[in-house]
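To start, the structure itself, in structure tokens.
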Amino acid sequence: MSQKISGVKGMNDLLPGEIEIWQHVEGTARELFGRFGYGEIRTPMVEDTALFVRSVGEETDIVGKEMYTFLDKGERSLSLRPEGTAPAARAYIEHSISNQEPVTRWFYMGPMFRYERMKTGRYRQFYQIGAEAYGAKEAAQDAEMMDMVVQFLTALDLKDVSLNLNSLGDEACRPAYHTKLVEYLKAHREELCGDCQRRMETNPLRVLDCKNEKCQAVAAAGPNVLEFLCEPCRAHFDDLQRKLTALGIKYVVNPRMVRGLDYYTRTVFEFIASHPALGTASTVGGGGRYDKMMKGLGGPDVPAVGFAMGLDRLVLLLKESGRKYTAAPDLFVAVADKESQDVAFMLASRLRREGLRVDFDTRGGSLKSQMKRSDNSGARFTLVLGEAERTSGQAKLKPMAGGDSIPVSLDSVAETVRRARQAADPAGSA
RNA sequence: GCGGCCAUAGCUCAACUGGUUAGAGCGCAGGACUGUGACUCCUGAGGUUACCGGUUCGAUCCCGGUUGGCCGCCCCA
């Protein structure tokens, strides 16, 4: 055997048997987000490196050490996208969308790339579904987005997901808090872990969500970001909470929640799932408002709010739930004798044209092996075609789950199968 | 980037302290039953024991390296 070639570390193949779950999640998102008026966009997987440096933030781990960055043959520095918000913003600016409509709502889904140590639910090529709403600074826009996520999780029947909420203020009030926090942390330097002593210089907000118990104690006793909010930010946050309550959405205000990207202002939120299968990978999605990013990227001064969910973790949860999403054939056409092979082949084709999901063994083989294959395929019925059927034009639909066979003429197979399917699964698609 | 555990058939796992042709269950294929799957029984295919090197008369087992996987830290989705 020659040298075996394996896939790249942290990048996985998705095969039939599993892909159906992904399709289900993506299909649910498309339908639901469409209902909220969001249009799908697809941006390239590769962008100018500067886009992420300027939006995500030079000091973040993502840009600092996790990006797949390379020079193309024209010596341009390009990067595989590590997240979806910046590319969407770039597209929004590039196509002058703000000149065409006051409010724009987009969603996207696809692979993202980060060079990281692999863990449960965390891969180097991972998948996100995200949405962005541009042009509305009102808290109602934030609330609408969270409503959409909640409905999405509900549609997937995912329970035990909680919404954490915080406000980081804006350029009017954040600096004062920032100063106060650094002052406070410096006074308690000795009580912090080594990482946090470093963080207080580079990104003091991150000390707030350090997992270390001592650091948490220090952070808990320190200045509270919510008490520093200026009047407009305070009003915005209050309004958001009123709207969520009105929508019946449960949430927890966590003044120590911050996020890994620098561009957020005011609202930030996270959806956290508690499930043993996820281990420490409990965040399934998060987002927030980024009112200043567009201008920072050289675009118009439009406010925006967005979120992203990690599909890998959602799929992990759905796998745990044990639900099946595979679409089995309606009918397996089996052949009893060699002479019937071509007729059966044509019959299978005809039934597919009539809209049935039909499986057929092009190799022929013993009837027994075909029956086994039919059983394995999960087909609802098997139709055996042999000399008797060919001459009489009559056949039997054998229900693979057991029960009596249904006599049927070869001309009305599709209709009969459809009716049986309808009876068994009225909610199923046609 | 740091620390710990692990790697045997497609999958889940065996193989006494280093000792003959590395086994089982599941799955797959064929048959018992020549036009009927599942249950039962029989048979078969499928392995360079992740890779490279070392110690040894002899290595799946011991040692080193590489690659890959898992767990914790970090960070995140």
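Chain letters run A, B, ... following the sequence lines, proteins first, then strands; residues in each count from 1. Being a predicted model, the structure only gives us computed values, none of them experimental.
When heavy atoms are screened at a 4.0 angstrom cut-off, A:M112 is found touching no nucleic acid atom at all. Nucleic acid contact for A:M400: base, since at least one base atom lies under 4.0 Å from a heavy atom of the residue. Among the heavy atoms of the strands, none lies under 4.0 Å from A:E83. As judged by a 4.0 angstrom heavy-atom cut-off over every strand, A:A388 is placed among the base-contacting residues. Among the protein residues, A:G287 comes within range of no part of the nucleic acid, since none of its heavy atoms lies under 4.0 Å from any strand. A:K9 comes within 4.0 angstrom of sugar-phosphate atoms only, judged by non-hydrogen atoms across all strands, and of no base. Among the heavy atoms of the strands lying under 4.0 Å from A:Y123 is at least one base atom, whether or not backbone atoms are also near. Across all strands shown, A:R259 has heavy atoms under 4.0 Å from sugar-phosphate atoms exclusively, and none from any base.
Separating the CG atom in A:L165 from the NZ atom in A:K250 is a distance of 15.0 Å, to the nearest 0.5 Å. Going from atom CG of A:L383 over to atom CZ of A:F360 covers 11.5 Å, rounded to the nearest 0.5 Å. Separation of atoms CE (A:M145) and CD (A:E132) is listed at 6.5 Å; rounding is to 0.5 Å. Atom OH in A:Y251 sits 13.5 Å away from atom OG in A:S162 (nearest 0.5 Å). We find the CD-CZ distance between A:E58 and A:F52 to be 14.5 Å, quoted to the nearest 0.5 Å. Put simply, OG on A:S377 and CZ on A:R373 are 8.0 Å apart, with the number rounded to the nearest 0.5 Å.
A:H188 and A:Y184 have tilted rings, their planes meeting at an angle from 30° to 60° on a 0 to 90° scale.
The nucleotide whose nearest atom lies closest to any side-chain atom of A:E389 is, among B:G35, B:C70, B:G37, B:G35. If you check B:A77, B:U36, B:C73 against the side chain of A:M371, the one that comes closest is B:U36. When distances are taken from the side chain of A:S369 to each of B:C2, B:A38, B:G30, the shortest belongs to B:G30. For A:T120, taking side-chain heavy atoms from C-beta onward, the closest of the listed nucleotides B:A77, B:U36, B:C70 is B:C70. Closest approach to the A:R114 side chain among B:A38, B:C70, B:A77 is made by B:A77 (side chain taken as heavy atoms from C-beta onward). Side-chain proximity of A:V384 to B:G35, B:C2, B:A77: nearest is B:G35. Closest to the A:S366 side chain, of the nucleotides B:C71, B:G37, B:G31, is B:G31. Closest approach to the A:R122 side chain among B:A77, B:C71, B:A32 is made by B:A77 (side chain taken as heavy atoms from C-beta onward). For A:A336, the side-chain atoms get nearest to B:G35 when compared with the rest of B:G37, B:G35, B:A77.
With the nearest nucleotide of RNA chain B identified for both A:T382 and A:G310, A:T382 has the one nearer the 5' end. Comparing A:G402 and A:M309 by the nucleotide of RNA chain B that holds the closest heavy atom to each, the one mapping nearer the 5' end is A:G402.
Between B:C73 and B:U17, the distance separating the two P atoms is 35 Å to the nearest Å. Straight-line distance between the P atoms of B:C63 and B:G23: roughly 25 Å, to the nearest whole Å. On the C1' atoms, B:G19 is 24 Å away from B:A7, given to the nearest whole Å. Spacing between B:G27 and B:U20 at atom C1', rounded to whole Å, works out to 30 Å. B:A77 and B:U12 have their P atoms separated by 31 Å, with the value rounded to a whole Å. Distance noted for atom C1' between B:A24 and B:U34: 33 Å (whole Å). Comparing the P positions of B:G69 and B:U8 gives a spacing of 14 Å, expressed to the nearest Å. When the P atom is used for both B:C13 and B:C52, the distance is 25 Å, rounded to whole Å.
For RNA chain B, each stem of at least three Watson-Crick or G-U pairs (distances under 3.5 Å) is given as range with range: B:1-7 with B:67-73, B:10-13 with B:23-26, B:28-32 with B:40-44, B:50-54 with B:62-66.
Atom CG of A:L397 and atom C1' of B:U36 are 14 Å apart (whole Å). If you take CE of A:M118 and P of B:C74, they are 19 Å apart, rounded to a whole angstrom. One can place CZ of A:R363 at 12 Å from P of B:C28, the figure rounded to the nearest angstrom. Atom CG in A:L383 sits about 12 Å away from atom C1' in B:U36, given to the nearest Å. Between the CE atom of A:M11 and the C1' atom of B:G68 there is a distance of 15 Å, rounded to whole Å. If you take CG of A:L316 and C1' of B:C70, they are 13 Å apart, rounded to a whole angstrom. In this structure, A:K372 places its NZ atom 9 Å from C1' of B:C28, rounding to the nearest Å. Note: CD (A:E116) to P (B:C70) measures 14 Å, nearest angstrom.
In the interface, the side chain of A:Q370 is not paired with the base of B:G35 through any donor and acceptor atom under 3.5 Å apart. Residue side chain A:E270 does not reach the base of B:A77 through any donor-acceptor N/O pair under 3.5 Å, judged by distance alone.
Contact of the A:M109 side chain with the A:E40 side chain is registered, since non-hydrogen atoms from C-beta on lie closer than 4.5 Å.
With A:R259 contributing its side chain and A:G288 its backbone, the two residues share no donor-acceptor pair below 3.5 Å.
Partner A:W106 forms a ring-ring contact (aromatic ring centres under 6.0 Å, His included) with one of A:Y38, A:F33, A:F36, A:Y134 and no other, that one being A:Y134.
Side-chain nitrogen and oxygen atoms of A:N376 include none within less than 4.0 Å of the OP1 or OP2 phosphate oxygen of B:A38. Proximity of A:K368 to the phosphate of B:G31: no side-chain N or O atom is located under 4.0 Å from OP1 or OP2.
Side-chain N/O atoms of A:Q125 and A:Y68 include no donor and acceptor closer than 3.5 Å.
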